[in-house]
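Since the structure comes first, as structure tokens, the remarks are kept for the end.
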Amino acid sequence: MEDSEMIELYWKRDDRAIAQTDAVYGTRLQRLSERILNNREDAQECVNDTYLNTWNRIPPERPNYFFAFLAKICRYVSLGKLDWNRAAKRNKEQSDDNRLIFVRRYFHMDSVSQVLFGCTKAAAATVVEAAERAECEEEMKEVYLDRPFVYMLIDCENNLPFFIGTMMDVSE
């Protein structure tokens, strides 16, 4: 089937358009995506997303070079998936040991009731004890929070927050 006929099927909103596109260009799109992702399942997902994006973009667009149009969409979707896969929180190689600094514990100069209800001076009075994971020695660091921030009190046993608050006015 010619490109112009496939584009016409998209314009008519005919379901056969996707099947014809897959029959003609599916293998090439799959290879393109696999070269970017190095993963067959993710590549197939990106090719399917390419067909969905093509369905949504035709009409109003009427591409002159249909495969170039498909390849551009496929490449964009595949690079987005690659970026998603490489994000630090989803990357299997990234672990707690690879972080440079972590907060071990903190102390508020205010009482717990003031921290839970109001937290007016917590921004200026928070001392954070931080340690480098790479070094064995701990060093004290003071952190001054001079802009609005969000904070959490976390139950260390369950790793769940039991209170989340905001500090909007740090001038007090």
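No continuous path of ILVMFWY side-chain contacts below 4.5 Å connects Leu52 to Phe69, so the two sit in separate hydrophobic clusters. Hydrophobic clustering (side-chain heavy atoms under 4.5 Å, transitive across Ile, Leu, Val, Met, Phe, Trp, Tyr) groups Met1 together with Tyr25. One hydrophobic cluster holds both Ile7 and Phe67 under the rule that ILVMFWY side chains link at heavy-atom gaps under 4.5 Å.
Going from atom NZ of Lys72 over to atom CG of Asn53 covers 12.0 Å, rounded to the nearest 0.5 Å. The CG atom of Leu79 lies 8.0 Å from the CG atom of Leu37; values are rounded to the nearest 0.5 Å. One finds the CD atom of Glu8 at 5.0 Å from the CZ atom of Arg62 (value rounded to the nearest 0.5 Å). Atom-to-atom distance recorded for Met6:CE and Arg16:CZ is 12.5 Å, nearest 0.5 angstrom. Atoms CG and CZ, from Leu70 and Arg75 in turn, are 11.5 Å apart once rounded to the nearest 0.5 Å. In this structure, the separation between CD1 on Ile18 and CD on Gln20 is 11.5 Å, given to the nearest 0.5 Å.
With a 4.5 Å cut-off on side-chain heavy atoms, Pro59 and Arg13 count as touching. Looking at Phe66 and Thr54, their side chains come closer than 4.5 Å, going by heavy atoms from C-beta outward. Asn39 is not listed as a side-chain neighbour of Lys81, based on a closest heavy-atom distance of 4.5 Å or more. Residues Leu32 and Ser78 form no side-chain contact, since every pair of their non-hydrogen atoms from C-beta on lies 4.5 Å or further apart.
At distances below 3.5 Å, at least one donor-acceptor pair connects side-chain atoms of Thr50 with backbone N or O atoms of Cys46.
Closest non-hydrogen pair, Val47 versus Ser33, comes out as CG2-CB, 4.4 Å. Tyr51 approaches Gly26 most closely through the heavy-atom pair OH-CA, 3.3 Å. Minimum interatomic distance between Cys74 and Leu29 (heavy atoms only, all atoms of both residues): SG-O, 3.6 Å.
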Could you give me the CA-CA distance, side-chain angles and deciding distance for Trp55 and Asp15, then say whether side-chain contact (heavy atoms from CB on, under 4.5 Å) is met? CA-CA 9 Å; Trp55 182 265; Asp15 293 338; 3.9 Å; yes
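Other residues, nucleotides and ligands contribute over 12 non-hydrogen atoms within 6.0 Å of the CD atom of Glu5.
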